[in-house]
**Student:** 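Quick one: the structure is below, and I'll ask about it shortly.
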Amino acid sequence: MPATHPRIRTTEEYHEAYRRSVETPDAFWAEVAEPFTWRRKWDSVRGGEFSPAGTSTWFDGAKLNITENCLDRHLAARGNKLALIWEPNDPKQRHLRLTYRELYQEVCRFANVLHNLGVEKGDRVCLYMPMIPPLAIAVLACARIGAIHSVVFAGFSSTAIADRVNDAQAAFVITADGLNRGPKQIPVKRVVDEALESCPSVRKVLVVEHLGWPVHMQEGRDVWYHDEAKDVSRSFKAEEMAAEDPLFILYTSGSTGKPKGVVHTTAGYMVWADYTFRNVFQVEENDVYWCTADVGWVTGHSYLLYGPLLAGATTLMFEGVPTYPDAGRFWEVIDKHSVSIFYTAPTAIRSLMAAPLDNVLSYSLDSLRVLGSVGEPINEEAWHWYHQHVGKGRCPIVDTWWQTETAGIMISAMAGITPSKPTHAGLPMPGVEPVLLTQEGQEIEGNDQEGYLAIRASWPGVIRTTWGDHERAAQTYFRPYPGYYFTGDGARRDENGLYRIIGRVDDVINVSGHRFGTAEIENAINQDPHVVESAVVGYPHDVKGQGIYAYVILQDGVPDKETERQRIEASVIETVVAEIGKIARPDKIQIVSGLPKTRSGKIMRRILRKVAEGETSNIGDTTTLLDPAVVDEIVNGRK
Ligand code: WT7
């Protein structure tokens, strides 16, 4: 029986835990970490230098394997408890259920296959997979072997895969024949094949059969999982990992052009994912928990896989999309599997709000107890719709603010325990010290204040480095404001000290909860043969939160004919889809003859944002521009 982890159960306990976490962090986290399975305990709880060096360590000296904590540790008491429920894309197809013992055996089998292929501790393994149990199993199998997993969301293009594989110098790729996404089927193996034409580091590709599609198998490189798994054992001795050995790389966009590989390590990540999961969602033994995020994003890592499995919970994995076969699918799945905790994104809620209310009212949703939101600010209307029609007014909503770099939830209500106020994330987790800074880096004291959101002290899930380039991590997160981790978000602290996240203050846009750097999209657009220069900004979008608005300058100037204009716009979109993926498609493209630039050549994004937002009557000062006339042209040509 795993030792019971204490959980915060009252407001007073929250405040007491918070106080201890700040005053005596070493003692606080040692206590939280105690019940896990350690092969060796740590020498020091916290170490390294938080900021500006960005070299924090947690539980240094400890030895462990995270999968022993996700799986082996639960076998005695929860061996027959459901670990994973899988709901397929097509509601007519059968769902699947795996107990902790079955999941353990499958992970061991997969680890044996990887081992036989030559995967070793420290190797990077890239996963490009549908949302099917083998994805969860493969991630855990990597961790069991000590290989570093790099999951790439299976909506990214082959170019994006190649960039990520090459950056990590991955020697192995795990993929499938194809995937289902709503009414569409996508030949993912073909996308991988295309990517690997420019990835010399890859030695083996392991292919999982899902759709039963014929695929090209490259002799000597590609193997089928079902062939390799035929005679392998269902046990596998977990590799002993050091606390600070990397567990995974996850690529995310920043304000510069190239996505960076955020690195999280073993012990701190484990403690943070488990602690935040249990406390925020107030998980009980019999809960059925569903996080709708794809494993390709950090939410899928921390709150579909690791957090729930560390806590011994039952986690649901859904292959499909919220609107297939209709806008009632989420609610149907909740009733079907008696989901009690549901965690999704505002963009999904907004897209379902747009459908007739019958889609939600025809389901009972009686099993629900707690609702969660993640990925972007949740607007007032969506919050109330979620609360009233999904939670029937009786389920607390946790609006969880965090980032790929923070590994787990930083600011959020604890369900039913700390305040849940519409559009506010709320109070910080124990161990998290948020501050508001002026642009110059002065701390803004007191409540009812707004500023740049930064974090004053290290926490177990802090980003350890950016793969292959620590300088970049230091420069992006720890050096802008020495002594702090800089989040890139702006926030407001209300009169009661609750935090409300306003949005990014850097050149990052958040489209349906997915982050893109404007420079990243511009780089992609500039690959189009018609384009000489481009500038991308975000603008408010009813469903996506932010939409992508692209201004482009063409080789041959602004075309006169509408048909020519449309042809070029289609080409630009196609280029972005090829370079990054469909998720980064510009919503609006405006062909312009010039961009508003200062005399030093800097693009005045403020003006471009105003036009994209439709605030054309209030453009502000344009006298410092090289060519003020270009602004009129842009305003007149607004999409
Ligand atoms: C950015 C991080 C958190 C995992 C999924 C996204 C925005 C995230 C919230 C929230 C307002 C939020 C921030 C943040 N964001 N959660 N509850 N309220 N904004 O992870 O891709 O690393 O993006 O998403 O702007 O910086 P990510």
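Counting starts at 1 for both ligands and their atoms, in listed order.
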**Student:** Return yes if a side-chain donor-acceptor contact under 3.5 Å exists between Tyr484 and Glu443, otherwise no.
**Tutor:**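 Yes, because at least one side-chain N or O of Tyr484 sits under 3.5 Å from a partner of the opposite role on Glu443.
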**Student:** Any idea which of Asp399, Asp489, Ile501 brings a heavy atom closest to atom 17 (N) of ligand 1?
**Tutor:**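 Closest candidate by heavy-atom distance is Asp399.
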**Student:** For ligand 1, find out whether one of its N or O atoms is nearer than 3.5 Å to an N or O atom of Ser373.
**Tutor:**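 Min N/O separation from ligand 1 is not below 3.5 Å for Ser373.
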**Student:** Out of all atoms in ligand 1, which are within 4.0 Å of some heavy atom of Thr400? Include the element for each.
**Tutor:**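 Listed by number with element, the hits are 9 (C), 10 (C), 16 (N), 17 (N).
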**Student:** In the protein, which heavy atom is nearest to atom 10 (C) of ligand 1, and how far is it?
**Tutor:**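 Result for atom 10 (C) of ligand 1: Glu376 O, 3.5 Å.
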**Student:** Distance under 4.0 Å to a non-hydrogen atom of Thr299: what atoms of ligand 1 satisfy this?
**Tutor:**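 Checking each atom against Thr299, I get 4 (C), 5 (C).
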**Student:** Answer whether the closest heavy-atom distance between the side chains of Thr423 and Pro377 falls below 4.5 Å.
**Tutor:**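 SC-SC contact between Thr423 and Pro377 ruled out.
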**Student:** I'd like to know whether ligand 1 has Trp401 as a neighbour, heavy-atom separation below 4.0 Å.
**Tutor:**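 Contact present.
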**Student:** At a 4.0 Å threshold, what atoms of ligand 1 neighbour a non-hydrogen atom of Asn510?
**Tutor:**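 Once the distances to Asn510 are compared, the set is 7 (C), 24 (O).
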**Student:** Without hydrogens or angle criteria, can the side chains of Asp287 and Ser340 be said to hold a donor-acceptor pair below 3.5 Å?
**Tutor:**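 Side-chain D/A pair, Asp287 to Ser340: present.
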**Student:** Considering only non-hydrogen protein atoms, determine which one is nearest to atom 7 (C) of ligand 1 and report residue, atom name and distance to 0.1 Å.
**Tutor:**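 Checked against all protein heavy atoms, atom 7 (C) of ligand 1 sits closest to Gly375 O, 3.4 Å.
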**Student:** Going by atom types only, do Glu405 and Tyr477 share a side-chain donor-acceptor pair under 3.5 Å?
**Tutor:**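 There is such a pair between these side chains.
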**Student:** Would you tell me whether Tyr251 and Thr404 have side-chain atoms, one donor and one acceptor, within less than 3.5 Å of each other?
**Tutor:**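 No, no side-chain donor-acceptor contact under 3.5 Å.
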**Student:** When you compare the side chains of Glu440 and Tyr452, does any donor N or O come within less than 3.5 Å of an acceptor on the partner?
**Tutor:**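 Glu440 vs Tyr452: no donor-acceptor pair found between side chains.
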**Student:** Looking only at N/O atoms, are Arg515 and ligand 1 under 3.5 Å apart anywhere?
**Tutor:**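 So ligand 1 has an N or O lying under 3.5 Å from an N or O of Arg515.
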**Student:** Which protein heavy atom lies closest to atom 11 (C) of ligand 1, and at what distance to 0.1 Å?
**Tutor:**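 Answer for atom 11 (C) of ligand 1: Pro377 N, 3.1 Å.
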**Student:** I need the nearest protein heavy-atom contact for atom 2 (C) of ligand 1: residue, atom name and distance, please.
**Tutor:**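 Checked against all protein heavy atoms, atom 2 (C) of ligand 1 sits closest to Trp402 O, 3.7 Å.
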**Student:** I want to confirm something. Looking only at heavy atoms, which of Thr406, Val508, Thr404 is nearest to atom 20 (O) of ligand 1?
**Tutor:**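 Result: the heavy atom closest to atom 20 (O) of ligand 1 is in Thr404.
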**Student:** Does the distance from a Lys or Arg side-chain N to an Asp or Glu carboxylate O, for Arg350 and Glu376, drop under 4.0 Å?
**Tutor:**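 Salt bridge flag = yes for Glu376 with Arg350.
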**Student:** Give the atom numbers and elements of ligand 1 that come within less than 4.0 Å of a heavy atom of Val374.
**Tutor:**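 In order of numbering, the contacting atoms are 3 (C), 4 (C).
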**Student:** Measuring from atom 1 (C) of ligand 1, which candidate in Gln546, His424, His514, Arg504 has the nearest non-hydrogen atom?
**Tutor:**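 Result: the heavy atom closest to atom 1 (C) of ligand 1 is in Arg504.
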**Student:** Classify the side-chain pair Glu520/Ser253 by whether it contains a donor and acceptor separated by less than 3.5 Å.
**Tutor:**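 Yes, because at least one side-chain N or O of Glu520 sits under 3.5 Å from a partner of the opposite role on Ser253.
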**Student:** N/O of Val298 under 3.5 Å from N/O of ligand 1, yes or no?
**Tutor:**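 There is no such contact.
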**Student:** Any side-chain to backbone donor/acceptor pair from Ser373 onto Asp399? Under 3.5 Å, distance only.
**Tutor:**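 Not confirmed, Ser373 side chain does not pair with Asp399 backbone.
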**Student:** Looking only at N/O atoms, are Thr487 and ligand 1 under 3.5 Å apart anywhere?
**Tutor:**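 No, there is no polar N/O contact under 3.5 Å.
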**Student:** Does a salt bridge link Arg479 with Glu471, judged by any charged N lying under 4.0 Å from a carboxylate O?
**Tutor:**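 Yes.
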